[in-house]
Amino acid sequence: MKMLINVPETVVADALRGMAAAHPDLSVDVENRVVVRRDAPVAGKVGIVSGGGSGHEPLHGGFVGPGMLSAACPGEVFTSPVPDQMVRAAAAVDSGSGVLFVVKNYTGDVLNFDMAAELAEDEGIQVAKVLVHDDVAVTDSLFTAGRRGTGGTLFVEKIAGAAADEGMPLERVETIARQVSEASRSFGVALTAVSTPAKGSPTFDLPEGELELGIGIHGEPGRERRAMMTSREIADFAVAAILEDLQPRGPVLALVNGMGATPLLELYGFNAEVQRVLGERGVTVARTLVGNYVTSLDMAGCSVTLCEVDDDLLRLWDAPVSTPALRWGR
Amino acid sequence: MKMLINVPETVVADALRGMAAAHPDLSVDVENRVVVRRDAPVAGKVGIVSGGGSGHEPLHGGFVGPGMLSAACPGEVFTSPVPDQMVRAAAAVDSGSGVLFVVKNYTGDVLNFDMAAELAEDEGIQVAKVLVHDDVAVTDSLFTAGRRGTGGTLFVEKIAGAAADEGMPLERVETIARQVSEASRSFGVALTAVSTPAKGSPTFDLPEGELELGIGIHGEPGRERRAMMTSREIADFAVAAILEDLQPRGPVLALVNGMGATPLLELYGFNAEVQRVLGERGVTVARTLVGNYVTSLDMAGCSVTLCEVDDDLLRLWDAPVSTPALRWGR
Amino acid sequence: MAEQESGQALDAAFFIRWLTACAAAVEREASRLTDLDAAIGDADHGSNLQRGFRAVAEVLAKDAPATPGAVLTLAGRQLISTVGGASGPLYGTLLRRTGKALGDAAEVDRAALADALGQGVAAVAQLGGAAKGDKTMLDALEPAVDALATSYEGAARAAEEGAVATTPLLARKGRASYLGERSIDHQDPGATSAALLVTTLAEIAGQAPAAGSGQ
Amino acid sequence: MAEQESGQALDAAFFIRWLTACAAAVEREASRLTDLDAAIGDADHGSNLQRGFRAVAEVLAKDAPATPGAVLTLAGRQLISTVGGASGPLYGTLLRRTGKALGDAAEVDRAALADALGQGVAAVAQLGGAAKGDKTMLDALEPAVDALATSYEGAARAAEEGAVATTPLLARKGRASYLGERSIDHQDPGATSAALLVTTLAEIAGQAPAAGSGQ
Ligand SMILES: Nc1ncnc2c1ncn2[C@@H]1O[C@H](COP(=O)(O)OP(=O)(O)O)[C@@H](O)[C@H]1O
Ligand SMILES: Nc1ncnc2c1ncn2[C@@H]1O[C@H](COP(=O)(O)OP(=O)(O)O)[C@@H](O)[C@H]1O
Ligand SMILES: [Mg+2]
Ligand SMILES: [Mg+2]
Ligand SMILES: [Mg+2]
Ligand SMILES: [Mg+2]
């Protein structure tokens, strides 16, 4: 698999140098692998820190900025970052109002963020954590590592960032973030396997006429392989899987997300099918976001995330945000 | 090649329905294939209309909105739209101040926009045209259809949109757009061939260990095939090709663009190399944009576009813009 | 010029039959045309003409104009409005200008058609700025028009030969020109489709139910 | 427990040799570990450990602590700070807790090591919430610790067998658990690397220059 890289070993550092050059509003510490909004810490405001393996861009570094993340910690490709990065990020953004860690539910992320929280608290930083575990493809979650965190992360980071921006205290920001996390559900589909720089070839074999249903964002195979489906059938399947788990009474935010290599033309077409089936199922969509936001390197495929919102959450979603990848209002 | 579609015939219409659902600020006429900013025509302001084949998303529909395009006309995949669309778009956005057509230099686009301009003028709309032809990979342009329009289109559309937004008259908007077009140069590289929905398989064969230098955005092979190169080598080659043609004296805008299937992680790393070589060559970069903006469906690869700017153009570049794909300021 | 009989009288129905047969021929050959375009273009020529000639067949089925000129003009307008790309305006102009040149005669003969088609081809050359030898549809159309003065079969043969002869050429117009030397050794898709339209014309003329010397 | 002699005295240098040899072994086996992880995980286990053990070898080369406990604690901290993922905190905790359990003795014997490693493995089980049979590194580590009470070779054998025995298991922890039934019939990468570390321990103990009954 050909890649636009120098050598696998420097992929993350190279990308951080490129981010630094492109985004003067961010302060990028390439050596220590922390991306911080330049004006941090912001007096009187809770800091929002997230992070995870690289390869999911724009998540998380592309979501750093006013109204969303205060800092992000990029790990190696598909590998959770180390506690040192998280502690450094927390110290950089803590104004004394405390820091919220947004943690995607993977064993590595959870363990490293847990260690970091202990260390940060030792340094006198007040830390709260919220776990994102929105992927309904992981069933029997009592007998697994639990549901993975995927597209819901974007909703949690945006809304927690808006809550912090409004000056809410840590406890309240944490409560709201948890509310968003618990109200989010995702389902993903892969048309191709992913190739990591370290491996250099597809992580599994996915023949021409087949697709994987219920995939995550790390190139793992899904729960089930099937004969290739149409956009319409995939939308039916994905939305049904989500609604089996959560039947929203209120309106939802919808994220129609590409896994990295699916053209925007196809994603918009897929969105049309997602909106159709949501309409048929009586779900009201308050806002829709279409694009490659929570990706898996060069994987072709898509995911759908729904998040049930009330007026408060919708207001926080609509609040101004100014990051490389998500930007609106003011 | 697997695609997230229903049938090839409805790809463009499906995408337009999905765009309409995602972007309430746009008025999307799915049947007639015109995407218009909802508040058009804007009194006293020149309308900016562009269009071209689909498959280059977010170009052009994703650039419709305040501060950029007034309307876009999406053709079939990789096929210029028809004059009827352009005339309809012009009529929808003309406030009496006239309309500028931004035309990428391809035989199809040029012929169809020319016909549309005649028809629109018959309807009493004042029309000006600017041609974008920035791709330095097309050499001997006297003996070809001329240089292709690629990444420079984004610069022309953004800056022309800002000029119109400031209330400049058609003639002045046209002059500025032409200035941007003439100051823009691009060079692109493909790591994989593209698969169109109609063909369903890669348009040409590009083996594992090779890449194409000097490609366009329609899946055509490039000028030269070589053994696979590193990100560093590609940046050296692309920037050298551009600077051979235009040695900017002032600062430049830089677009480090993905062709659709290249992960953002790789693009940022590539940007680091582009910035390095520009620094080595003494070129000052005023602003950098990194992302998948002018794409070629599922092609892996990248392009670099530079546009030499003066203070006026830089101010117009920085001016507020509010479209699905490009958004900043206000 | 016309050293031979100019043959059968061609009425509006003849041209509707021809264009309808073109639609069928394009349908049959679409993937070959797209494959040729994939090699040196953007892999859409087959689907472009498919879309266009389907629309032409449809509009002619619904609303059949009374004169050859009106049939061709309507078909040309329809191609312009539905195809896009380079071939849409070019083929559209070809049919429209040919139609206009035929005026409002109820019937025309081969000589008149050859003459009108010559004007159509000239308009294509002017619009696209291409000349014979640039590896475009003109390489099939120009020899076809010349030969049509003599016979339908000759025109078909000339168009076919012209299309095949584009293979060794270096493209100077259209997308294929971007490839420079790499455009050599591929047959031009537009010249191929042009030959298909002319061949279809000869077929329809050959099986024409109306009386005439044929050829 | 120790029905046999507890063998040679293990000093700081021994543990530095072991961890340095682990770095070399990981280097050698990295792509196999990554391939195993590709099948049921995310294709990074080899490069994770490569990064971590390179850093361990480097820090131990630069700054060699004086006691076995300090060597292991430093190595564990280094893994935590450089690996990330699940295996970073888990292997880091294994070494750190083992090191802490060894205290500040200048030399330890096999029995003491087995005991300390037992505490390290227990800490891993607590941190990750996994138990034997969940298809994780514990499936190699737990039998190895038990067997280490008797001999190094036995520990290596037990670890190897434990790793191989993960193949038919359904994963209940870590990324492989997402696959459900599809995790069956693949050997766990973490159990495989754990066996590699224990095998390396036996090798280093076997060739130890210090006197002792060996085993
Ligand atoms: N300037 C021109 N003059 C005449 N024919 C042209 C010109 N440019 C392109 N063509 C013809 O058009 C054909 C391509 O048509 P098509 O693929 O439908 O459009 P596009 O090139 O826009 O994708 C070429 O094979 C060539 O024969
Ligand atoms: N909860 C756990 N307890 C013990 N070991 C675990 C646990 N989760 C994962 N592992 C081990 O970690 C290995 C994967 O490590 P690695 O690939 O480096 O990290 P990641 O899964 O984060 O990519 C698995 O093969 C398994 O042996
Ligand atoms: Mg990992
Ligand atoms: Mg085309
Ligand atoms: Mg074409
Ligand atoms: Mg792994």
Side-chain angles (χ1 to χ4, degrees), chain A residues 8-9 33 51-53 55 73-85 106-115 119 135 137-148 193-204 212 214-225 296, chain D residues 30-52 54-55 76-93 96 124 126-130 134-137 170-183 186 190:
Chain A
E9 289 72 21
R33 305 207 169 177
C73 309
E76 275 299 319
V77 170
F78 290 174
T79 304
S80 137
V82 299
D84 312 50
Q85 291 169 268
Y106 300 96
T107 306
D109 293 69
V110 170
L111 296 181
N112 285 286
F113 269 107
D114 279 355
M115 289 188 169
L119 294 168
D135 187 349
V138 179
T139 48
D140 309 321
S141 48
L142 282 182
F143 304 102
T144 65
R147 287 180 166 176
R148 297 173 287 223
V194 68
S195 297
T196 62
K199 184 160 160 63
S201 59
T203 51
F204 59 92
E212 287 276 341
I215 48 95
I217 54 174
H218 295 88
E220 61 270 53
R223 295 288 297 200
E224 198 184 333
R225 181 169 292 192
S296 186
Chain D
S31 73
R32 184 172 155 241
L33 295 173
T34 288
D35 287 350
L36 288 174
D37 198 28
I40 56 172
D42 58 350
D44 64 358
H45 190 55
S47 43
N48 283 348
L49 294 190
Q50 226 172 350
R51 188 170 60 250
R54 275 182 199 171
R77 273 213 313 273
Q78 191 72 351
L79 288 181
I80 290 172
S81 290
T82 53
V83 176
S87 58
L90 292 167
Y91 274 129
T93 296
R96 263 193 58 196
V124 169
Q126 210 210 330
L127 183 64
D134 284 352
K135 195 171 187 134
T136 71
M137 56 174 70
L170 184 144
R172 292 188 188 281
K173 288 288 164 187
R175 261 169 221 299
S177 70
Y178 304 139
L179 294 184
E181 303 281 333
R182 293 174 81 181
S183 66
H186 296 278

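Atoms considered below: every heavy atom in the structure, side chains included; atoms not considered: hydrogens, waters and symmetry mates. Proteins come first, then strands; the chains are lettered A, B, ... in the order of their sequence lines, and each starts at number 1. Not measured: the values here are computed from a predicted model.
Counting heavy-atom pairs closer than 4.5 Å to chain A, the top-ranked of the candidates D:T34, D:N48, D:D37 is D:N48. Contact count against chain D (heavy-atom pairs under 4.5 Å) is highest for A:G222 among A:G216, A:G222, A:G53. Comparing D:G41, D:G85, D:G84 by heavy-atom pairs within less than 4.5 Å of chain A, the highest count is held by D:G85. Contact tally against chain D (heavy-atom pairs below 4.5 Å) for A:M115, A:E9, A:Q85: the top residue is A:M115. Ranked by heavy-atom pairs shorter than 4.5 Å toward chain D, the options A:T107, A:D109, A:L111 are led by A:L111.
For A:E224, the part lying near chain D is the backbone, with the side chain staying farther off; criterion is any non-hydrogen pair under 4.5 Å. Interface remark: A:P221 contributes backbone and side-chain atoms alike to the contact with chain D (heavy atom separation under 4.5 Å). Proximity to chain D (any heavy atom under 4.5 Å) is restricted, for A:V77, to the backbone atoms N, CA, C and O. The part of D:A39 that comes within reach of chain A is its backbone (N, CA, C, O), which places non-hydrogen atoms under 4.5 angstrom from that chain. Residue D:T82 touches chain A through its backbone alone, counting heavy-atom pairs closer than 4.5 Å. Both the backbone and the side chain of A:N112 come within contact range of chain D, judged by heavy atoms closer than 4.5 Å. Only the side chain of D:S47 comes within less than 4.5 Å of a heavy atom in chain A; its backbone stays farther off. In this structure, the portion of D:A171 lying under 4.5 Å from any heavy atom of chain A is its backbone and not its side chain.
When all heavy atoms of D:D42 and A:T196 are compared, the closest pair comes out as O-CG2, 4.3 Å. Shown here for A:G146 and D:Y178, the closest heavy-atom pair between the two residues is O-CE2, 3.3 Å. Scanning both residues, A:R223 and D:S177, for their nearest heavy atoms gives NH1-O, 4.3 Å. Of all non-hydrogen atoms in A:T203 and D:A43, the two that sit nearest each other are CG2-CB, 3.7 Å.
A:K199 and D:D44 are not joined by a salt bridge, as no carboxylate oxygen comes within less than 4.0 angstrom of a charged side-chain nitrogen.
With sequence neighbours excluded, the residues that form a salt bridge (charged side-chain N to carboxylate O under 4.0 Å, His left out) with A:E212 are A:R225, D:R182. A search for salt bridge (charged side-chain N to carboxylate O under 4.0 Å, His left out) contacts involving A:R33 returns A:E76, not counting sequence neighbours.
The distance from atom CZ of D:R175 to atom NE2 of A:H218, rounded to the nearest 0.5 Å, is 4.5 Å.
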